[in-house]
Amino acid sequence: MTKIRVLVADDEPLARRGVRQLLAPHADIAVVGETRNGLETLRALETLAPDLLFLDVQMPEMDGFEVLRARGVERMPAVVFVTAHDRFAVRAFEAHALDYLVKPLNIERFEAALRRVRERLRLMQAADLATRLRALLAAERAQREKNGAERLVVSSGTSELVIPVAEIDWIGADDYYARLHIGGKSHLLRESLTSLEARLDPRRFVRVHRRAIVQLDRVREMRPALRGAEAVLQDGSRISVSRRKRGRLEDLLRQDAGRAV
């Protein structure tokens with residue numbers, strides 16, 4: 001009998017052990033790995049190729065939604081989400097008919113989720129799962145954009161780097177991608193500047209040019225320039241500000257200065 005290969009992703013050792021214990025009586029299931037955070041989970045998905053992933057939503061540094069986004073819904077196995085009373089997550093999972101478990105785990109609810117997973121795997125509903133996961137990410141993105149993303153994940157080919165957005169000084173366009181500038185270093189993010197702008201908190205990050213976004217509290221002063229103006233950052237970087245964007249940036253800087261008084 002071919003066993004269902006399971007990966008358990010949770011930052012809490014007791015939670016991972018709890019899932020293992022609930023899976024132990026099932027002869028058709030084999031736990032092939034455990035991971036403690038999002039980066040480990042991405043690597044394990046690639047190397048272990050599980051059939052089923054128990055995915056904790058509230059992992060540190062890179063949460064469950066960020067794992068889905070970084071991996072891509074088309075490449076995800078069947079997923080059972082685990083959440084600690086996250087009201088938004090529960091509503092989203094129910095709306096998109098995805099399996100979820102609320103901590104502490106309930107045996108009857110766990111068994112019901114397993115039955116649904118077996119049926120889904122039997123019917124090979126991969127396309128349907130991808131559609132549901134895509135809709136879930138759209139809902140989570142809309143929720144998150146109210147406050148803006150807190151972390152960005154940069155892939156270097158061999159690993160992924162999690163970058164807190166609070167550390168970013170400014171972001172420049174690099175062909176079709178975005179380059180994050182942080183304390184003299186830079187990282188290429190494979191995402192357009194326009195897409196990234198939509199994910200960042202507009203109260204903190206301002207588009208000052210078609211090729212640049214700055215973090216508002218990094219701006220030290222404004223200087224006139226031949227075409228519009230320049231924003232001089234705390235580290236000395238000079239970023240072109242278009243005529244069309246100059247007024248909004250100056251307004252935001254005044255508002256920010258007023259709040260600081």
Check whether the side chains of Thr83 and Gln58 place a donor and an acceptor atom closer than 3.5 Å, and report yes or no.
->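 Note: Thr83 and Gln58 side chains meet the donor-acceptor criterion.
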Are a donor atom and an acceptor atom from the side chains of Glu111 and His26 found within less than 3.5 Å of each other?
->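 Result is yes, a qualifying pair exists.
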Could you please spell out the steps behind the side-chain contact (heavy atoms from CB on, under 4.5 Å) verdict for Val82 and Val57?
-> CA-CA 6 Å; Val82 182; Val57 175; over 6 Å; no
Do Pro50 and Val6 have side chains that get closer than 4.5 Å, going by heavy atoms?
-> no
Establish, yes or no, whether the cationic atom of Arg190 lies under 6.0 Å from the six-membered ring centre of Tyr176 and within 45° of the ring axis.
-> no
Going through the distances and angles, do Glu150 and Arg204 end up as a salt bridge (Lys or Arg N to Asp or Glu O under 4.0 Å)?
-> CA-CA 11 Å; Glu150 292 298 326; Arg204 298 167 61 191; 3.8 Å; yes
Salt-bridge present ([X], [Y]; N to O < 4.0 Å):
X      : Y      : value
Arg248 : Asp251 : no
Asp99  : Arg116 : yes
Arg118 : Asp28  : yes
Arg223 : Glu230 : no
Glu12  : Arg17  : no
Arg246 : Glu250 : yes
Arg16  : Asp11  : no

Interatomic distance, CZ@Arg220 vs CZ@Arg238, rounded to 0.5 Å, equals 8.5 Å
Centroid-centroid under 6.0 Å between Phe54 and Phe110 rings =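 For Phe54 and Phe110, the ring centres are under 6.0 Å apart.
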So, does Arg211 use its side chain to make a donor-acceptor pair with the main chain of Ala173 at under 3.5 Å?
->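 Yes.
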